[in-house]
Amino acid sequence: ANVSQRTSDSTLTVSFPNLTVTMSQIAPFKRKRAVGAERWYEKIKVSYSGIFQNSLTSPQNQFFKKSLIRDWRNGMKHSVPVSATFNVLKYINVTPSIQMTDRMYTSKIRRQWDPNLSAEVRDTSYNFYNVFDFSAAVSLDTKLYGFYKPMKFLGDKVKMIRHVLTPTVSLSGSPDFGDKMWGYYGTYKYPGANGEMMERKYSYFQHGLFGSPGTGKSGTMSFTLNNNLEMKVKSDNDSIGEKKISLIENLSISQSYNFAADSLKWSNINTSLLLRLTKSFNLNL
């Protein structure tokens, strides 16, 4: 619970009750007594987080006259991420995932243009409304190892150099929740500055504590290439007579392609470099 008061005009802001519930990731289809190899559906993992909030801002002398339904702002939000990791062709990891979000509200606001008032008017209806959205993604990654043994004339101090290359390809997307079929957005027409009729799109649940799903469909493919370079050298101070030295802790190169964009679909090429200079000092570029 939270209570605050503005001393200049005695306005109270009360938020009660506020409740947050979380559940750690679980595998709901995993057998209690496994016999044989793990089934594909046993790899599916689910977690959950939920929020309930109820709040009101009002002058102190009118606070107890306010209606719980009409004046208090309340809502619930549920988030359920579902994911799994499968091994394909022995060396490729495939990770599909779905993110689902559900908002529960008790009011909905419709808007329209009143030509007599030359202004926007609102009509609030009170009921139980479910406002949900979702997105899906899948990523593929693997690891490639390269080994290089320096020539003998360079000395025998360096025993081996290892290069680990981790390519990742990801696809993600979601539909356009601003479409009329979902029922989250409305439109109305109003006269512009020059008298021409303009159309305005608005959300029925813009006033909600947790907002509403965004407009516009999305579809993105991203590519990432991570590199790690290590060197194994002889060492008299180590019990096994050798130690590893990090030459490049991580060199990352990434780019993405936006299927939903009208133009400039390719993103910039992003690079980052991490060097471990000492045990307690890293350099990020």
Side-chain angles (χ1 to χ4, degrees), residues 25 27-29 40-41 43-51 75-105 108 129-144 165-188 198-227 250-272:
Q25 193 177 66
F29 306 113
W40 67 268
Y41 53 81
K43 298 180 180 181
I44 298 175
K45 295 182 179 180
V46 180
S47 60
Y48 167 82
S49 64
I51 304 174
M76 296 181 69
K77 180 181 178 181
H78 310 277
S79 298
V80 182
V82 182
S83 64
T85 300
F86 306 103
N87 188 265
V88 178
L89 300 177
K90 192 177 180 180
Y91 299 109
I92 301 175
N93 296 318
V94 180
T95 305
S97 62
I98 299 175
Q99 173 70 44
M100 296 176 287
T101 303
D102 182 29
R103 305 163 185 83
M104 296 179 175
Y105 296 134
K108 176 180 181 178
Y129 301 99
N130 257 342
V131 184
F132 69 91
D133 64 344
F134 59 87
S135 62
V138 61
S139 67
L140 297 87
D141 69 85
T142 188
K143 286 185 181 294
L144 303 173
L165 187 66
T166 308
T168 303
V169 179
S170 301
L171 283 165
S172 62
S174 63
D176 180 9
F177 291 100
D179 193 278
K180 289 184 177 180
M181 64 171 287
W182 300 102
Y184 303 152
Y185 286 81
T187 58
Y188 67 85
M198 309 285 289
E199 186 174 81
R200 178 171 295 165
K201 192 172 188 176
Y202 68 95
S203 169
Y204 295 136
F205 306 98
Q206 187 176 351
H207 63 292
L209 290 172
F210 308 110
S212 58
T215 60
K217 62 181 179 180
S218 67
T220 305
M221 175 183 286
S222 60
F223 311 89
T224 305
L225 197 60
N226 292 321
N227 297 267
N250 187 43
L251 169 61
S252 176
I253 305 171
S254 63
Q255 191 177 25
S256 63
Y257 183 84
N258 188 348
F259 293 100
D262 295 329
S263 60
L264 301 176
K265 294 178 181 290
W266 285 102
S267 72
N268 293 332
I269 297 176
N270 301 308
T271 61
S272 64

Would the distance check show the side chain of [X] and the main-chain N or O of [Y] forming a donor-acceptor pair, the cut-off being under 3.5 Å?
X: Trp182; Y: Val131; result: no
X: Ser218; Y: Ser174; result: yes
X: Lys201; Y: Thr215; result: no
X: Asn268; Y: Asn270; result: no
X: Tyr184; Y: Asp179; result: no
X: Ser256; Y: Ser267; result: no

Exercise for the section: Would you give the length of the straight line joining atom CZ of Arg103 to atom CZ of Phe210, rounded to the nearest 0.5 angstrom? Expected result: 9.5 Å
Handout entry: Leu140: which of Ile92, Thr95, Thr168 passes side-chain contact (heavy atoms from CB on, under 4.5 Å)
Key = Ile92
Kindly check if the number of other-residue, nucleotide or ligand heavy atoms within 6.0 Å of [atom1] ([X]) is above 12?
X: Ile269; atom1: CD1; value: no
X: Lys43; atom1: NZ; value: yes
X: Trp266; atom1: CH2; value: yes

Exercise for the section: Please tell me if the side chains of Lys265 and Phe259 come closer than 4.5 Å, counting only heavy atoms from C-beta onward. Expected result: no
Practice task
For this output row, return yes or no: ring centroids of Phe177 and Phe134 closer than 6.0 angstrom.
Solution key: yes
